[in-house]
Trainee: 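Quick one: this structure, given as structure tokens, is what I'll be asking you about.
Heads up: numbering here begins at 1 and tracks the sequence.
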Amino acid sequence: MILDPYKQSLTDAAAKLIHIRELLFDATFQVAITNELKDWSDTVEVGEVHTFSKELLESCSDTNVQLLTSLLTSVEKTCDSLLNLNNLELEEEDQP
């Protein structure tokens, strides 16, 4: 779908926010597993697969994890607002 340049720039910005969210989630998780979740992390076998949610990070008491999780939430809300306010949807090719 071809959008006018303004809407395309908003779509591009939202796609970049999704990428930023992924990077931020990974960075926040790394902070958590090197401190508060270290004991758990040390027991995980190489090759094991686990799925983590933002709720796990929100439950951490580490102030730094809380700050990063708050930023994560802000990025998510901003992306959702951009899409909703401008009646935009990200297509598969728009996403990183």
Trainee: Atom CZ in F29, atom OG1 in T34: separation rounded to 0.5 Å?
Mentor: 10.0 Å
Trainee: Let me confirm one number: the CG-CD1 distance from L72 to I20, rounded to the nearest 0.5 Å.
Mentor: 11.5 Å
Trainee: Is the shortest heavy-atom distance from the side chain of V75 to the side chain of C79 under 4.5 Å?
Mentor: no
Trainee: For a quick test of reading the model, state the closest non-hydrogen atom pair linking T28 to T69 and the distance between them.
Mentor: CG2-OG1, 3.7 Å
Trainee: Any side-chain donor-acceptor pair under 3.5 Å between Q30 and D26?
Mentor: no
Trainee: E76: which residues meet the side chain to side chain donor-acceptor pair (under 3.5 Å) condition with it, sequence neighbours left out?
Mentor: R21, K54
Trainee: Quick one: does N86's side chain have a donor or acceptor within less than 3.5 Å of a partner on L88's backbone?
Mentor: no
Trainee: Applying side chain to side chain donor-acceptor pair (under 3.5 Å), name anything that partners S61, two or more places apart in sequence or on another chain.
Mentor: E36
Trainee: So, for L83 and A14, which heavy atoms are closest and what is the spacing to 0.1 Å?
Mentor: CD2-CB, 3.7 Å
Trainee: Are Y6 and L85 connected into the same hydrophobic cluster when the rule is that any two of I, L, V, M, F, W, Y join if their side-chain heavy atoms are below 4.5 Å apart?
Mentor: no
Trainee: Can you name the nearest heavy-atom pair linking L82 to A13, along with the distance?
Mentor: CD1-CB, 4.4 Å
Trainee: With distance as the sole test, does Q66 use its side chain to make a donor-acceptor pair with the main-chain N or O of E58 at under 3.5 Å?
Mentor: yes
Trainee: Within a strict 4.5 Å, meaning less than it, do heavy atoms of the L68 and F25 side chains meet?
Mentor: no
Trainee: Can a donor-acceptor pair be found, under 3.5 Å and without considering hydrogens, that links the side chain of T11 to the backbone of K7?
Mentor: yes
Trainee: Is the shortest side-chain heavy-atom distance between L71 and L67 below 4.5 Å?
Mentor: no
Trainee: Got a second to check how far L17's CG is from S74's OG, nearest 0.5 Å?
Mentor: 9.5 Å
Trainee: CG of L23 to CD1 of I18: how many Å apart, nearest 0.5 Å?
Mentor: 12.5 Å
Trainee: For the OG atom of S59 and the CG atom of L56, what is their distance to the nearest 0.5 Å?
Mentor: 5.0 Å
